[in-house]
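In what follows, every chain begins at residue 1, and chains take the letters A, B, ... in the order their sequences are listed. For the numbers below, each heavy atom of this structure counts, side chains included, while hydrogens, waters and symmetry mates do not.
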There are 2 protein chains.
Amino acid sequence: MKHEHLLKHHQLKATPQRLAIIQLMHYAGHIGIDELYQEVRKKFSSISLATLYKNVHTMLDVALIREVKIPGHKTKYEISKESHAHILCKSCGELKDVPLEPVSLLQKSIDISHYKVEEVSVVISGICPECQKK
Amino acid sequence: MKHEHLLKHHQLKATPQRLAIIQLMHYAGHIGIDELYQEVRKKFSSISLATLYKNVHTMLDVALIREVKIPGHKTKYEISKESHAHILCKSCGELKDVPLEPVSLLQKSIDISHYKVEEVSVVISGICPECQKK
DNA sequence: GTATTTGCAAATGATTTGCAGTGCT
DNA sequence: AGCACTGCAAATCATTTGCAAATAC
């Protein structure tokens, strides 16, 4: 119901395929096309890759979801939410959100530029605490 | 000469193709595969796309260059240098570097995570001062 | 009922690979 | 000389398109 409303709020029809996609993104946090396809098929075996691509594009266009692009990795997608950074472990591959107040933390850089800032994307990569122990 | 040294320092052979690629990246700041191909051909008409891809990969592997991935845009490449943020104008498309001291600016987020940080990638997008005037 | 969305198959675009010949060190 | 690199053509992988049938509202 919650997800149906998300779609309608963006004037998109709430098809079961779209609901499945959103549900998975919500559950996974960040997910790539391939994994998304594998997973959606489990609940919705008839879905086609073309439909998946079309819907991902449609949802990107209305900013219901966002691309997460990480150097050295395939694009992942996430449901739009408050601004946050992404932190990736180069050892185990886990990708997590971390809190971030970009406007204040990056203020110096932004001030210098005099840009009207609309979006900030931050990806931090390194080794997570668990992998450091090994 | 400077660029030849760059290659040798990473134990790569200094072929004219590679020198041309590095020279262009250095000149352009950030450049995508297609533009790189068009430009390299002007000086080096025999170069193949395959060679371009192979060299870009090779140089990424040794971290001589870096990927710059921006939501909604094709990957660009740049020569590795001190940490900095990228700022993109959504109106005119210009991509610039801006100074950034990621470790200190992002310290709060990083502290929380306990990660051993190796790399920070920041992309800010918005409207540049010139485009705001229009 | 109408406009949108789906799924298929085919088209297009992007990147990679194998291999024979060439060129760096 | 020997290994790495280049260029070509073909293979592979990723994404998009057109269209008829199905579905949301």
Side-chain angles (χ1 to χ4, degrees), chain A residues 1-24 31-62 64-77, chain B residues 1-24 31-62 64-77:
Chain A
M1 205 64 224
K2 191 176 115 201
H3 294 155
E4 188 174 335
H5 182 258
L6 242 192
L7 285 163
K8 295 198 175 152
H9 183 255
H10 291 278
Q11 12 279 354
L12 298 178
K13 291 188 175 172
T15 66
Q17 290 87 338
R18 285 175 178 169
L19 289 169
I21 291 169
I22 294 180
Q23 191 179 129
L24 271 164
I31 193 166
I33 284 283
D34 297 340
E35 197 186 340
L36 194 49
Y37 186 52
Q38 303 309 327
E39 294 298 319
V40 178
R41 295 200 112 198
K42 288 183 184 170
K43 289 281 175 187
F44 220 102
S45 62
S46 69
I47 200 173
S48 69
L49 246 189
T51 296
L52 195 49
Y53 275 110
K54 283 172 189 166
N55 279 327
V56 163
H57 257 141
T58 303
M59 295 187 206
L60 279 173
D61 285 344
V62 299
L64 194 164
I65 63 174
R66 287 210 186 149
E67 289 182 313
V68 182
K69 292 189 151 195
I70 304 173
H73 293 261
K74 292 197 66 179
T75 300
K76 288 187 162 26
Y77 301 91
Chain B
M1 202 65 222
K2 192 176 115 201
H3 294 156
E4 188 174 334
H5 182 259
L6 243 192
L7 285 163
K8 294 194 175 155
H9 183 255
H10 291 280
Q11 13 277 354
L12 299 179
K13 291 190 176 171
T15 66
Q17 290 87 339
R18 284 176 179 169
L19 289 168
I21 291 169
I22 294 180
Q23 192 180 126
L24 272 163
I31 193 166
I33 283 282
D34 297 339
E35 197 185 341
L36 194 49
Y37 186 53
Q38 303 308 329
E39 293 299 320
V40 177
R41 294 199 113 198
K42 288 183 183 168
K43 290 279 173 189
F44 220 102
S45 63
S46 68
I47 200 174
S48 69
L49 246 189
T51 297
L52 194 50
Y53 275 110
K54 283 172 189 167
N55 279 327
V56 164
H57 257 141
T58 303
M59 296 186 206
L60 280 173
D61 285 345
V62 299
L64 195 164
I65 63 174
R66 286 209 187 152
E67 290 182 312
V68 182
K69 292 189 151 195
I70 304 174
H73 293 261
K74 290 196 67 178
T75 300
K76 288 186 161 28
Y77 301 91

Asker: May I have the distance from A/Gln17 (atom CD) to D/dA24 (atom C1'), rounded to whole angstrom?
Answerer: 11 Å
Asker: Separation of A/Leu49 atom CG from C/dA11 atom P, in whole Å?
Answerer: 18 Å
Asker: Looking only at side-chain N and O atoms, does B/Thr51 come under 4.0 Å of OP1 or OP2 in D/dG7?
Answerer: yes
Asker: Over how many whole Å does the gap from A/Asn55 atom CG to D/dT16 atom C1' extend?
Answerer: 14 Å
Asker: Counting only side-chain N and O atoms of B/Lys8, is one of them less than 4.0 Å from OP1 or OP2 of C/dT25?
Answerer: yes
Asker: If you compare every side-chain N and O of B/Thr15 against the phosphate oxygens of C/dC24 (OP1, OP2), does one of them come in below 4.0 Å?
Answerer: no
Asker: Figure out the NE2/C1' separation between A/His57 and C/dT4, and round it to whole Å.
Answerer: 18 Å
Asker: Does A/His10 NE2 have over 12 foreign heavy atoms under 6.0 Å away?
Answerer: yes
Asker: Rounded to whole angstrom units, what separation is found between the CD1 atom of B/Ile33 and the P atom of C/dA14?
Answerer: 11 Å
Asker: Which nucleotide wins on minimum distance to the side chain of B/Ala50, given the candidates C/dG7, D/dA9, D/dT6?
Answerer: D/dA9
Asker: Could you tell me whether the side chain of B/Lys74 has a donor or acceptor atom within less than 3.5 Å of a complementary atom in the base of C/dG13?
Answerer: no
Asker: Return the value, rounded to whole Å, for the distance between atom CG of B/Leu12 and atom C1' of D/dC3.
Answerer: 14 Å
Asker: Given 3.5 Å as the limit, does a donor-acceptor pair link the side chain of B/Lys69 with the main chain of A/His73, or not?
Answerer: yes
Asker: Which whole-number value in Å describes the distance from B/Lys54 NZ to C/dG18 P?
Answerer: 10 Å
Asker: Does B/Thr58 reach a base, just sugar-phosphate, or nothing at all? Heavy atoms under 4.0 Å.
Answerer: nothing
Asker: Hey, what do you get for NZ (A/Lys13) to OG1 (A/Thr15), rounding to the nearest 0.5 Å?
Answerer: 10.0 Å
Asker: Taking atom CD of A/Glu4 and atom NZ of A/Lys8, what is their separation to the nearest 0.5 Å?
Answerer: 4.0 Å
Asker: Roughly how far apart are A/Leu64 CG and A/Ile21 CD1, rounded to 0.5 Å?
Answerer: 11.0 Å
Asker: Can you measure B/Ile21 atom CD1 to D/dG7 atom C1' for me and round it to whole angstrom units?
Answerer: 13 Å
Asker: Quick check for you: among D/dA14, C/dC24, D/dC25, whose closest atom lies nearest to any side-chain atom of B/Lys13?
Answerer: C/dC24
